[in-house]
Amino acid sequence: MISFSDVSKRYPGGQESLTEVTFTLEPGEFAFVAGRSGAGKSTLLKLIPAIERPSSGTVLVNGQNVGALRRAALPYLRRNLGLVFQDQKLLYDRSVFDNVALPLAFSDHSPREAARRARAALDKVGLLGRERANPVQLSGGEQQRLAIARAVVNRPATLVADEPTANLDAESARAILQIFFAFNQVGVTVLIATHDEALLEGCARRVLRLAGGRLLS
Amino acid sequence: MRTWLRHHWQALALALSKLLAHKPATLLNAIVIGVALALPASGYTLLANLLGVTQRFAPQPQLSLFLRLETTRPELDAVRARLRADARIAAVRFVSRDQALKGLRATEGLADVAAALGQNPLPDAYVVRAHDLAPDALDALASDLRKIPGVAHVQLDSAWARRLAAIAATGRIATGLLAALLAVGLIAVTFNTIRLQILTHAEEIEVSRLIGATDGYIARPFYYLGLLQGVAGGLVALAILWLAIAVLNLGVQDLADSYGSAFRLAFLGAGDACAMIGFAGLLGWLGAYLSVSKHLRQIS
Ligand SMILES: Nc1ncnc2c1ncn2[C@@H]1O[C@H](COP(=O)(O)OP(=O)(O)OP(=O)(O)O)[C@@H](O)[C@H]1O
Ligand SMILES: [Mg+2]
């Protein structure tokens with residue numbers, strides 16, 4: 001469960017990027033965070049894995065006040081979340097396989113089990129067979145899918161994805177969305193930020209709409 | 001436990017692969033560290049050799065036991081038996097009072113004095129050589145010998161031994177200072193190498209952190225990198241030292257042959273060599289530790 005109550009965020013020396021945001025995402029729920037560029041979508045998402053900390057208010061993730069977590073506790077919070085970043089953050093000097101297997105390296109899996117899970121994750125996003133490739137050899141959509149595979153390889157209960165369909169044609173975007181629907185179907189909580197209104201139209205899901213850092217009701 | 005071992009093994013393997021992936025840089029670093037380490041190591045080795053030589057050729061510190069004038073033959077034998085039985089004593093030589101007087105007469109300028117004496121005033125004496133030539137051990141032995149009945153006076157010539165010990169101590173301090181100075185240099189070299197490595201891997205470190213790597217996990221390969229670099233430097237230092245001694249021995253051979261000696265400079269003992277590599281590894285690890293502590297925080 002993810003729960004924001006009266007959360008505001010002001011970056012050092014900047015305007016307030018989020019103002020008094022309050023909402024709750026139940027386990028197994030699927031929701032979008034929508035809004036124009038600069039509305040504060042990324043900021044909201046970054047508060048969940050405590051990449052940023054709220055200036056005021058509390059962010060609860062599975063009952064934990066993540067804004068108050070000690071630095072040493074952050075890795076354990078993040079391992080239980082599947083994160084897709086707006087800029088993807090792939091490692092371009094590693095193979096596709098190494099990118100997917102990265103989160104498994106610091107949890108307790110034998111190399112054999114890690115390889116099995118990495119291939120399973122690649123299979124889910126349709127990239128099986130490209131393990132040896134370098135991420136730069138993948139198309140934009142394939143790189144998005146690689147980022148998703150890395151986010152789900154640890155089988156997290158919660159997926160938080162920032163613009164996972166950016167820069168894709170409508171058809172590819174929908175294909176990627178299908179991947180998230182499939183994970184949600186087996187009980188994974190999903191939160192996706194997007195500025196793509198067309199994407200929202202087709203699917204009847206909850207939308208948290210941001211404008212100028214405020215949540216519209 | 002198995003997970004812990006695996007993580008360490010992975011970190012070590014990663015560090016090794018990084019070293020092997022940049023062979024020229026690795027070699028260059030190892031040489032820099034090796035040369036720095038070779039200096040105090042040579043100092044230490046030469047000092048050890050020098051002490052061996054001087055101890056061999058220097059006048060041996062001796063103990064002279066002068067007996068009472070009225071000492072009888074059985075008493076003389078009893079003293080000799082005591083000396084023979086003492087495990088600290090390597091050799092015993094008897095100088096009778098007649099021999100001593102003869103020696104006096106034969107000494108230029110003193111013959112007249114000897115003639116004027118009439119009666120022989122000199123006592124019988126034992127000249128003793130000890131196994132342990134350290135000044136303190138000699139002092140202890142001398143004070144024990146003074147307690148033997150019949151012994152009037154014990155004279156210890158330990159000035160040379162004290163001088164040698166002082167020279168050795170000075171040499172050791174100099175080598176130690178040099179080693180300390182270059183240890184700081186080695187730490188600085190590792191510190192910088194690891195700093196560059198951290199900067200090169202900034203992106204990977206950032207991503208790893210974002211998806212749940214602990215600082216310990218991120219830091220570990222860098223520690224191993226420092227350790228391995230130090231060990232590589234230690235090995236280079238040993239190679240340099242070995243080469244230097246081999247070259248020096250060419251000259252030493254001629255010199256020693258002219259004295260009819262088989263003397264050669266000796267290489268570091270196995271224990272010393274291992275200690276040096278261990279020390280180099282430790283310094284490398286320390287440099288890496290300092291660098292990681294400082295630079296990892298700057299990447300967020
Ligand atoms: N690290 C930062 N430091 C200062 N200001 C920031 C920082 N990150 C974001 N902001 C500001 O916060 C506001 C919201 O940014 P945010 O990235 O959350 O928007 P967004 O909705 O994700 O936009 P986009 O659709 O373009 O990704 C913007 O005005 C931005 O300038
Ligand atoms: Mg954004």
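This structure is a prediction, so every number in the text was calculated from the model and none was measured. Only heavy atoms go into these numbers, but all of them, side chains included; no hydrogens, no water, no symmetry mates. A, B, ... follow the sequence lines: proteins, then strands. Residue 1 opens every chain.
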Within-4.5 Å side-chain heavy-atom neighbours: B:Leu210 and A:Pro49: no
Count the heavy atoms of every other residue, nucleotide or ligand shown that sit under 6.0 Å from CZ of B:Arg264, and state whether that count exceeds 12. yes
Could you check whether any side-chain heavy atom of B:Val207 comes within less than 4.5 Å of a side-chain heavy atom of A:Arg94, counting everything from C-beta outward? no
The interface call for B:Glu204 against chain A, heavy-atom contacts under 4.5 Å, is both
When the 4.5 angstrom heavy-atom criterion is applied to A:Ala151 and chain B, the contacting part is neither
Tell me whether the count of non-hydrogen atoms from other residues, nucleotides or ligands lying under 6.0 Å of CZ in A:Arg71 goes above 12. yes
Between A:Arg78 and B:Arg209, is there a donor-acceptor pair closer than 3.5 Å when you use the side chain of the first and the backbone of the second? yes
If you draw a 6.0 Å radius around CZ in B:Phe191, do more than 12 non-hydrogen atoms from other residues or ligands fall strictly inside? yes
For residues 82-89 of chain A, give me every residue with a non-hydrogen atom less than 4.5 Å from any non-hydrogen atom of chain B. A:Leu83, A:Phe85, A:Lys89
Note: vs chain B, highest number of non-hydrogen pairs under 4.5 angstrom among A:Ala105, A:Pro103, A:Ala72 is A:Ala105
Within a radius of less than 6.0 Å around OH of B:Tyr44, do more than 12 heavy atoms belonging to other residues, nucleotides or ligands occur? no
Under 6.0 Å from the CZ atom of A:Arg205, do we count more than 12 heavy atoms belonging to anything else shown? yes
How close do B:Glu203 and A:Leu90 get, counting heavy atoms only, and between which atoms? OE2-O, 4.4 Å
Is it true that, when you exclude A:Arg174 itself, more than 12 heavy atoms of the residues, nucleotides or ligands shown sit nearer than 6.0 Å to its CZ? no
So which atom in B:Ala213 and which in A:Pro75 form the shortest heavy-atom distance, rounded to 0.1 Å? O-CG, 3.6 Å
Looking at every non-hydrogen atom in both residues, tell me the closest pair between A:Pro111 and B:Arg6 and how far apart they are. CD-CD, 3.8 Å
B:Ile211 side, atom CD1; A:Asn154 side, atom CG - distance, nearest 0.5 Å: 8.5 Å
